[in-house]
S.K.: 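Before anything else, here's the structure in question.
Chain identifiers are assigned alphabetically (A, B, ...) following the order of the sequence lines, protein sequences preceding nucleic acid strands; residue numbering begins at 1 within each chain. All values derive from a computational prediction rather than experimental measurement.
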Number of protein chains: 2
Amino acid sequence: MADLDHTELAASLERVFRLLRRISPPRDLSLTAASALRTLDQDGPHRLTELAGAEGVTQPAMTQLVSRLERDGLARRNADPADGRAVVVEITKAGRALLRHRREARVENLSHLLAALSPADAAAIAAALPAFDRLTDLLPQPREPHTQEP
Amino acid sequence: MADLDHTELAASLERVFRLLRRISPPRDLSLTAASALRTLDQDGPHRLTELAGAEGVTQPAMTQLVSRLERDGLARRNADPADGRAVVVEITKAGRALLRHRREARVENLSHLLAALSPADAAAIAAALPAFDRLTDLLPQPREPHTQEP
DNA sequence: TATTGTTATACTCTATAACTATA
DNA sequence: TATAGTTATAGAGTATAACAATA
């Protein structure tokens, strides 16, 4: 069995990152917007503060992001009956539809690449996916927000 | 041998992407800035237009990015003796040092996670890395620039 | 007094359009 | 006329600081 060189893995992940940028260019939705929308889709409505924490951005940044999502009809702010200060953010039907379209486009783009990959390589990747998922599950729950990006 | 479900792979890559965002938060350098700097580090000096194409951004965007890199002492513009219109961009020592520090920090962050991963999972990931690299090599050379991000 | 969210301000990063200088 | 690069302008996305409203 091959040994796992951390430096090699880090470099490889970086290349995977560029791969992802290519097969999923942020035409319609920024990465953070898409990620927040996915959180709302999979885990249901969230408070604005929770959402900011989950995505690793500040509260003001999330206020603005949610405002843009709301303006575009992808999410909705609701009052929290239990707490007059709070806001509960919810994904809309249009938001779900957009996520679905993005997923399909990504798979479509990937398929072209995969068709050119050797069966052995495809098998190696398939075998590693569960391990990758467990790796990401090891992530500590989000913490301090980033500084800038892209 | 496991079969490779494209939808599953796309979803998994997306999770890897979040993993990367976590282990490599863009504190000092944006993703595009880091990527451009890496290109200059690995492949040597480039014309501004080449760099824009390689990173998938427009020429004006690269003009500004290079200006910021230059302002921060990470890259340098040189005149092209062979073409009076052209500019050749080069990484500086400080630029290389910054890349090195980022790499080390990323490996450091990854190591903590990997220590908690089972040997079997680590082996599966190690076995898949070459396949991932071949997958990214299949990417067509960059084309139309993205629209926005973060 | 502490928490939730918003507003104000500033900077990065990106795009398109219009421009300058050289080939 | 075409190419390389810059400048002008606009908008997304982010941060910190200051604020309002509710708990």
S.K.: Reckon A:Thr32 has a side-chain N or O less than 4.0 Å from the OP1 or OP2 of D:dG13?
M.R.: no

S.K.: Enter the distance from A:Leu98:CG to A:His101:NE2 here, rounded to the nearest 0.5 Å.
M.R.: 8.0 Å

S.K.: Out of curiosity, B:Thr7 OG1 to A:Arg103 CZ, how far, rounded to the nearest 0.5 Å?
M.R.: 10.0 Å

S.K.: For a quick check, with a 4.0 angstrom heavy-atom cut-off, what is the B/S/- contact string for nucleotides 18-23 of chain C, read 5' to 3'?
M.R.: ----BS

S.K.: 5'-most contact on DNA chain D: A:Gln59 or B:Val87, nearest heavy atom basis?
M.R.: B:Val87

S.K.: So which of B:Leu29, B:Ile91, B:Val66 actually passes side chain to side chain contact (heavy atoms under 4.5 Å, CB included) with B:Leu74?
M.R.: B:Leu29

S.K.: Report yes if at least one side-chain N or O of B:Arg77 is closer than 4.0 Å to OP1 or OP2 of D:dA4; otherwise report no.
M.R.: no

S.K.: So for the helix from C:dT1-D:dA23 to C:dA23-D:dT1, with five pairs setting each end axis, what is the inter-axis angle to 10°?
M.R.: 10°

S.K.: Is the closest side-chain heavy-atom distance between B:Glu104 and B:Glu108 below 4.5 Å?
M.R.: no

S.K.: To the nearest Å, how far apart are B:His46 NE2 and D:dG5 C1'?
M.R.: 17 Å

S.K.: Using whole Å, what does the distance between atom P of nucleotide C:dA15 and atom CD of B:Glu55 come to?
M.R.: 12 Å

S.K.: Side chain of A:Thr63 only, please: which of C:dT4, C:dT6, D:dG5 is the nearest?
M.R.: C:dT6

S.K.: Nearest whole Å is fine: how far is D:dT3 C1' from B:Glu50 CD?
M.R.: 13 Å

S.K.: Among all residues two or more places apart in sequence or in another chain, which pass the side-chain contact (heavy atoms from CB on, under 4.5 Å) test with B:Glu50?
M.R.: B:His46, B:Arg47

S.K.: Rounded to the nearest 0.5 Å, what's the gap from CG on A:Leu51 to CE on A:Met62? Could you check?
M.R.: 4.0 Å

S.K.: Rounded to the nearest 0.5 Å, what separates atom CG in B:Leu37 from atom OG1 in B:Thr32?
M.R.: 12.0 Å

S.K.: Just checking, is any N or O donor in the side chain of B:Ser35 or B:Glu55 under 3.5 Å from an acceptor N or O on the other one?
M.R.: yes

S.K.: Hey, can you pull the residues of residues 64-72 of chain A with a non-hydrogen atom under 4.0 angstrom from DNA chain C?
M.R.: none

S.K.: How far does CG of B:Leu40 sit from CZ of B:Arg96, to the nearest 0.5 angstrom?
M.R.: 9.0 Å

S.K.: For B:Val88 and B:Pro45, work out which heavy atoms get closest and say how close.
M.R.: CG1-CB, 3.5 Å

S.K.: At under 4.0 Å, does any side-chain N or O of A:Ser30 touch on OP1 or OP2 of D:dA12?
M.R.: no

S.K.: If you look at every heavy atom in A:Ile125 and B:Ala131, which pair is closest and at what distance?
M.R.: CG1-CB, 3.7 Å

S.K.: May I have the distance from B:Leu51 (atom CG) to D:dG5 (atom P), rounded to whole angstrom?
M.R.: 10 Å

S.K.: Looking for any heavy atom pair under 4.0 Å, which part of the strands does A:Thr49 touch: base, sugar-phosphate only, or nothing?
M.R.: sugar-phosphate

S.K.: At a heavy-atom distance below 4.0 Å, what parts of residues 91-101 of chain A sit against DNA chain D?
M.R.: none

S.K.: Within this structure, what is the CG-to-C1' distance between A:Asn78 and C:dT4, rounded to whole angstrom?
M.R.: 16 Å

S.K.: Check side-chain contact (heavy atoms from CB on, under 4.5 Å) between B:Gln59 and all other residues, then give those that pass, not counting sequence neighbours.
M.R.: B:Leu48, B:Thr49

S.K.: Distance from A:His6 atom NE2 to B:Leu114 atom CG, nearest 0.5 Å?
M.R.: 4.5 Å

S.K.: Search all heavy atoms of B:Leu135 against all heavy atoms of A:Leu113 and return the closest pair with its distance.
M.R.: CD1-CB, 4.0 Å

S.K.: Whole angstrom is fine here: how far is it from CE in B:Met62 over to P in D:dT7?
M.R.: 16 Å

S.K.: When you measure from the side-chain N and O atoms of B:Thr58 to the phosphate of C:dA15, is any distance below 4.0 Å, counting only OP1 and OP2?
M.R.: yes

